[in-house]
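Written out below as structure tokens is the structure these notes cover.
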Amino acid sequence: MSYKVLPPEKRAEFQKPIGFDLDEKDLGSLNANKRLITVGDVVSFTVRKHGIVPCISIYDGYTERREITDFADLVKREGLDETVVVNPAGTISSELIDAVRNAFDGRTDTIIRVEGEEDLALLPCVLFAPADSVVIYGWPGKGMKAVYSDGPDRTRIEELFDMLEESI
């Protein structure tokens, strides 16, 4: 398996927010024609709590380094299928990239559980999402952010992805 690795000297670039703030009360106002992708346990749980089923949900079972079980419990309780991928902290694994690509090529309502961290999953989600998709991700301590796959933030996502180094 190969990895795209975040170089330590680039870490500050990845800590800047991308996209627009999204309040929980505004979830219903997102354009219904757009594909919705969620990244993070709290975001994935919050969106489903509002009756919205994303085409892809990515989670790792933790938030802010603390174990969180609400979304994991929901997946287990409802018997939802999930794809499990390995993705160490500070990386984007080829396994995660393949799972995201396959989810867009296949069925809807895909759940990807990451063993490791899903913090950089925003990048492949935006890069491989069809036009007119929106990716919602958690911004720790601040709430939710959203990025349109074909919006102006896509260029920034491409730049960040290009900053990652190849590793095996």
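Of all the heavy atoms in Gly138 and Val43, the pair that sits closest is N-CG2, 3.3 Å. Nearest approach of Arg35 to Cys55, heavy atoms of both residues: CB-SG, 3.9 Å. Taking all atoms of both residues into account, the shortest heavy-atom contact from Pro88 to Tyr3 is CD-CE2, 3.4 Å.
Distance check: Leu127 CG to Arg154 CZ gives 5.5 Å after rounding to the nearest 0.5 Å. For the atom pair CD1 (Ile56) and CD1 (Ile112), the distance works out to 5.5 Å, reported to the nearest 0.5 Å. Summarising the geometry, atom CG belonging to Leu120 is positioned 6.5 Å from atom CG belonging to Leu164; distances are rounded to the nearest 0.5 Å. The line from CD of Glu95 to CE of Met1 is 4.5 Å long, rounded to the nearest 0.5 Å. Atom CD1 of Ile136 is separated from atom CD1 of Ile52 by 7.0 Å, given to the nearest 0.5 angstrom. Thr91 contributes atom OG1, which lies 10.0 Å from atom CG of Asp119 (distance to the nearest 0.5 angstrom).
Hydrophobic clustering places Val126 together with Phe161 (ILVMFWY residues linked when any side-chain heavy atoms are closer than 4.5 Å, directly or through intermediates). Val114 and Trp139 fall within the same hydrophobic cluster, where Ile, Leu, Val, Met, Phe, Trp and Tyr residues are linked whenever their side-chain heavy atoms come under 4.5 Å apart, directly or through other members. One hydrophobic cluster, built from ILVMFWY side chains closer than 4.5 Å, cannot hold both Val53 and Val47; they sit in different ones.
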Q: May I have the step-by-step check of salt bridge (Lys or Arg N to Asp or Glu O under 4.0 Å) for Lys34 and Asp150, ending in yes or no?
A: CA-CA 11 Å; Lys34 296 193 181 300; Asp150 52 357; 5.2 Å; no
Q | From CA spacing to verdict: side-chain contact (heavy atoms from CB on, under 4.5 Å), Glu13, Glu159 | A | CA-CA 10 Å; Glu13 288 297 315; Glu159 291 169 355; over 6 Å; no
Q.
One pair to check against side-chain contact (heavy atoms from CB on, under 4.5 Å): Arg48 and Leu80. What are the steps and the verdict?
A. CA-CA 13 Å; Arg48 283 186 181 250; Leu80 303 175; 3.8 Å; yes
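Annotation: side chain of Leu96 is not in contact with side chain of Glu118 (no heavy-atom distance under 4.5 Å). At a threshold of 4.5 Å between non-hydrogen side-chain atoms, the residues Asp73 and Phe45 do not count as touching. Under the 4.5 Å side-chain criterion, counting only non-hydrogen atoms from C-beta, Phe71 is in contact with Ser57. Side-chain contact check for Ile58 versus Val100: some heavy-atom pair is nearer than 4.5 Å. Side-chain contact between Ile37 and Ser133: present, with at least one pair of heavy atoms (C-beta onward) separated by less than 4.5 Å. Using a 4.5 Å heavy-atom threshold, the side chains of Asp60 and Asp41 count as touching. Met144 is listed as a side-chain neighbour of Leu27, based on a closest heavy-atom distance under 4.5 Å. Taking 4.5 Å as the limit, some side-chain heavy atom of Leu123 sits within range of a side-chain heavy atom of Phe14.
Looking only at distances, a side-chain donor or acceptor of Ser149 sits under 3.5 Å from a matching main-chain atom of Pro130. Within the 3.5 Å criterion, the main-chain N or O of Ser2 finds a donor-acceptor partner in the side chain of Ser94. In this structure, Asp26 contributes its side chain and Leu22 its backbone to no donor-acceptor pair below 3.5 Å. Side chain of Ser93 to main chain of Val86: a donor-acceptor pair is present (N/O by atom type, distance under 3.5 Å, no hydrogens or angles). With hydrogens and angles disregarded, a donor-acceptor distance shorter than 3.5 Å links the side chain of Asn87 to the backbone of Glu117. Not one N or O on the side chain of Arg113 forms a donor-acceptor pair closer than 3.5 Å with the backbone of Val84. The closest donor-acceptor contact from the side chain of Tyr137 to the backbone of Ile18 lies under 3.5 Å.
Using a cut-off of 4.0 Å between Lys/Arg side-chain N and Asp/Glu carboxylate O, Glu166 and Lys4 are scored as salt-bridged. The residues Lys76 and Glu82 are annotated as not salt-bridged, no charged nitrogen and carboxylate oxygen being separated by less than 4.0 angstrom.
For the side chain to side chain contact (heavy atoms under 4.5 Å, CB included) criterion with Ile97, the lone passing option out of Val85, Ile92, Asn102 is Ile92. The side chain to side chain contact (heavy atoms under 4.5 Å, CB included) test with Val134 is passed by exactly one of Thr38, Leu36, Val147: Leu36.
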